Amino acid sequence: MVKQNISVLKVGCGKFFHGPGAIEMLSDEIIRLGGRALIVGGPTTLKLVIDAAEKELDCRPLTYKALVHRDYCTTRLARDYGDMALENGYTVLVAVGGGKVIDEIKCASVFSGLPVITVPTSVATCAATSMVAIMYNEKGQRAPAVNLKKEVDVCIADTDLIGTAPRNGLAAGILDSIAKLPECFHQKQADSYQDCRLEEYIQLVNSKAIFAFLMGEGRELYQKGRKAHRFNDCILTNLLHTSIVSGFADGSGQLAIAHATYDFMRTWNTEASYRYLHGEMVAVGVLIQMAYNGETKERIEEVRSLMRDLDMPLTLQDLEYDTGDESIAFFTKIIGTDANVTTAEDMARLRECVNQVL
C-alpha cells in the first residue's frame, strides 16, 4: 500500500559534459564504465565523432567497435545490439548522432542492462538525456515507447561537433523545446504552486524559462549558429533542461496536442514525414495547442513569426499532408483521441483550432 504513494521521478543524467572539446571526455568515461565500448552511430555522425575522438580512443587502455546504424529505431534491432554487446563482452554502449540512433541504443541499454553514453551531434531533440526511447515499427510508424529503468549514465555534448550540424536541426530543436510550455497547459491551468502538484509547478516554471530564453534568442541562434553568444546555453537548454521538464511531466498518461501531431504524421503520413524533423512536425502542432489553450492570436503569431524566420513548416500542407475536409477531420479525430480530448464540446473546439491556425 505504501508503494502506491511513492513518486518515481527519472530526471537528468548521471554526468553531462558540454562545451568545446568535450569529446575528450569520452575515453575517460568508457574506461570508468569497464573499458570495452560498442559505439553505434549514423553514417555521417559516427565518422565525425570517431575522427574527433580517435587519438584518445587509440592510445588509452580501452577497446571499442564502431557500427553504423541506418535503419528505423525498432525494438528488434535494439535487442540485437544488446545481445551483440553482451555476447562480445562489451561493458558500455555509446550512442552517436541524432534521436534515431540515440533512442535505439538507449533501448538496447534497457534490454542488456549495460550503461549508456550518448554523444549528440545536434540539438534537434532532447533524446540524449531523456528517460524514454521513442520507438517505431519496421515501416517507420510509431510503436510503443520503451521507458528507461534509470537515467542515461553520461551525455557528452561537444559544442564544436554540434556546431557542424545543419541549421534545420537547430531550428527544430528550438521549437521542440518551446513546445513544453504550451503542452504544460493542455487541459489544465495553473498560475502558482498552490494550483497544482509541486511536480507540475516545477514543470511549469522550467517550461516558462525555456520558452522565454528560446523566443528571445532563437533568431540569433539560427542565424549565427555556434557563433551565437548563447549557443552553449542553447545546448544546455535543448539537451538537458528540456528533458528535465519531460521527466517531471512523465506519468500523465497522455500526449498533448503538439506531440500528438508528430505521432500522427509518423503513423498516418509516414513516407512524407521522414522528409521532416521531429521538431518541425511538433512545431505545427504547437500552433494548434496554443489555440486550444485559449492563447491570443497575437501570442500565437509571435511563435508563428519565429517559425517563419527559422524557415520552418507552418501548416499541415507544408508537411505534405492532404488538407481536404475528410483528411482534416481524420487528423482532428486522431490527435483528439491521443490527447484525451473526449467531450463533444472539446472536440468541436479542437476542430475550430485546427481550422483557425492551419
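Any value given below was found using the heavy atoms of this structure, including those in side chains, with hydrogens, waters and symmetry copies removed. It should be emphasised that the depicted structure is a prediction, and the values quoted were computed from it without experimental measurement.
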Would a single hydrophobic cluster contain both M131 and L114, if residues Ile, Leu, Val, Met, Phe, Trp and Tyr are joined by side-chain heavy-atom contacts under 4.5 Å? no
Nearest-0.5 Å distance, CZ of residue R79 to CG of residue L77: 12.0 Å
With hydrophobic residues grouped by side-chain heavy-atom distances under 4.5 Å, do I210 and I178 end up in a single group? yes
Considering only heavy atoms from C-beta outward, does the side chain of L316 approach that of I328 to under 4.5 Å? yes
Test R349 against T343 for side chain to side chain donor-acceptor pair (under 3.5 Å), laying out the working first. CA-CA 10 Å; R349 180 156 62 95; T343 70; over 6 Å; no
Note: M307 and P313 closest approach over all heavy atoms is CE-O, 3.1 Å
4.5 Å side-chain heavy-atom contact, E104 and V40: no
Given Q289 and H186, is the side chain to side chain donor-acceptor pair (under 3.5 Å) satisfied, shown in steps? CA-CA 7 Å; Q289 182 76 70; H186 179 62; 3.2 Å; yes
Check side chain to side chain contact (heavy atoms under 4.5 Å, CB included) between I334 and all other residues, then give those that pass, not counting sequence neighbours. F264, W268, F330, D338
Give me each pair satisfying salt bridge (charged side-chain N to carboxylate O under 4.0 Å, His left out) with a member in residues 271-288, each pair once, sequence neighbours excluded. R275-E320
Under 3.5 Å: donor-acceptor pair, side chain of D28, backbone of M25: no
Quick check: do H69 and D71 have side-chain heavy atoms less than 4.5 Å from each other? yes
Crowded around K150 NZ? As in, over 12 foreign heavy atoms under 6.0 Å? yes
Please walk me through it: do N232 and T159 pass side chain to side chain donor-acceptor pair (under 3.5 Å)? CA-CA 7 Å; N232 204 43; T159 309; 3.1 Å; yes
Rounded to the nearest 0.5 Å, what separates atom CG in L240 from atom CD1 in I235? 12.0 Å
Minimum heavy-atom distance between S27 and E24, given as atom pair plus value: OG-O, 3.7 Å
Side chain to side chain contact (heavy atoms under 4.5 Å, CB included) between M281 and S273, intermediate numbers included: CA-CA 8 Å; M281 291 177 276; S273 76; 3.8 Å; yes
Is the backbone of A172 close enough, under 3.5 Å, to the side chain of D176 for a donor and an acceptor to pair up by distance? no
Side chain to side chain contact (heavy atoms under 4.5 Å, CB included) assessment of L306 paired with L214: CA-CA 10 Å; L306 177 64; L214 292 174; 5.9 Å; no
Can you confirm whether more than 12 heavy atoms, excluding those of Q356, are under 6.0 Å from its CD atom? yes
Quick one: does V303's side chain get under 4.5 Å of L175's, heavy atoms only? yes
Please answer whether the main-chain N or O of L161 pairs with a side-chain N or O of D158 as donor and acceptor at a distance below 3.5 Å. yes
D233 and E217: side chain to side chain contact (heavy atoms under 4.5 Å, CB included), yes or no, with the steps? CA-CA 10 Å; D233 290 340; E217 302 293 332; over 6 Å; no
Verify, without hydrogens or angle tests, whether S305 (side chain) and E301 (backbone) share a donor-acceptor contact under 3.5 angstrom. no
Find the distance between OH (Y81) and CZ (R76) and round it off to the nearest 0.5 Å. 9.5 Å
Check whether S177 reaches the backbone of G173 with its side chain - one donor and one acceptor, N or O, closer than 3.5 Å. yes
Would a distance-only check, ignoring hydrogens and angles, find a side-chain to backbone donor-acceptor pair under 3.5 Å from N137 to Q141? yes
Any sub-3.5 Å donor-acceptor pair from T270's side-chain atoms to T267's backbone N or O? yes
Where G21 and D160 come nearest, the two heavy atoms and their spacing: N-OD2, 3.5 Å
Counting distance only, does the side-chain N/O of N293 pair as donor-acceptor with the main-chain N or O of P182 below 3.5 Å? yes
Considering only heavy atoms from C-beta outward, does the side chain of R60 approach that of I31 to under 4.5 Å? yes
So does N88 have more than 12 non-hydrogen atoms from other groups sitting under 6.0 Å from CG? yes
Should R32 and E29 count as an ion pair when the cut-off is N to O under 4.0 Å? yes
Walk me through it: do V154 and F17 pass the test side chain to side chain contact (heavy atoms under 4.5 Å, CB included)? CA-CA 8 Å; V154 182; F17 299 100; 3.8 Å; yes
Shortest non-hydrogen separation from L93 to S112 and the atoms involved: CD1-OG, 3.9 Å
Validation row: S243, V152 side chains within 4.5 angstrom (heavy atoms): no
Does any part of the side chain of F185, heavy atoms only, come nearer than 4.5 Å to the side chain of L204, both counted from C-beta? yes
Candidates D309, D311, N168 - the one meeting side chain to side chain donor-acceptor pair (under 3.5 Å) with Y222: D311
So, taking the atom named CZ in F213 and the one named CZ in R230, what distance separates them when rounded to the nearest 0.5 Å? 5.0 Å
Hey, what do you get for CD1 (I288) to OG1 (T261), rounding to the nearest 0.5 Å? 4.0 Å
Measure up the Y136 and Y262 rings against each other and bin them: parallel (under 30°), tilted (30 to 60°), perpendicular (over 60°). perpendicular
Out of curiosity, does Y274 fall in the hydrophobic cluster containing M135 (side-chain heavy atoms, cut-off under 4.5 Å, transitive links)? no
Can you tell me how far apart CE (M290) and CD1 (I257) are? Round to the nearest 0.5 Å. 12.0 Å
How about L46 and V101: do any of their side-chain heavy atoms sit closer than 4.5 Å? no
So, the side chain of K106 versus the backbone of S130: is there a donor-acceptor pair under 3.5 Å, distance only? yes
Any donor-acceptor pair under 3.5 Å from T91 side chain to R36 backbone: yes
Looking at I162 and P120, what are the two nearest heavy atoms and their distance? CG1-O, 3.5 Å
L62 reachable from V96 in the ILVMFWY side-chain graph, under 4.5 Å edges: yes
Would you name the heavy atoms of L358 and T315 that are closest together and state the gap between them? CD2-CA, 3.9 Å
Co-membership, hydrophobic cluster, residues L287 and M265, 4.5 Å side-chain: yes
Can a cation-pi geometry be assigned to R266 and Y276, taking NZ or CZ under 6.0 Å from the six-membered ring centre and within 45° of the ring axis? no
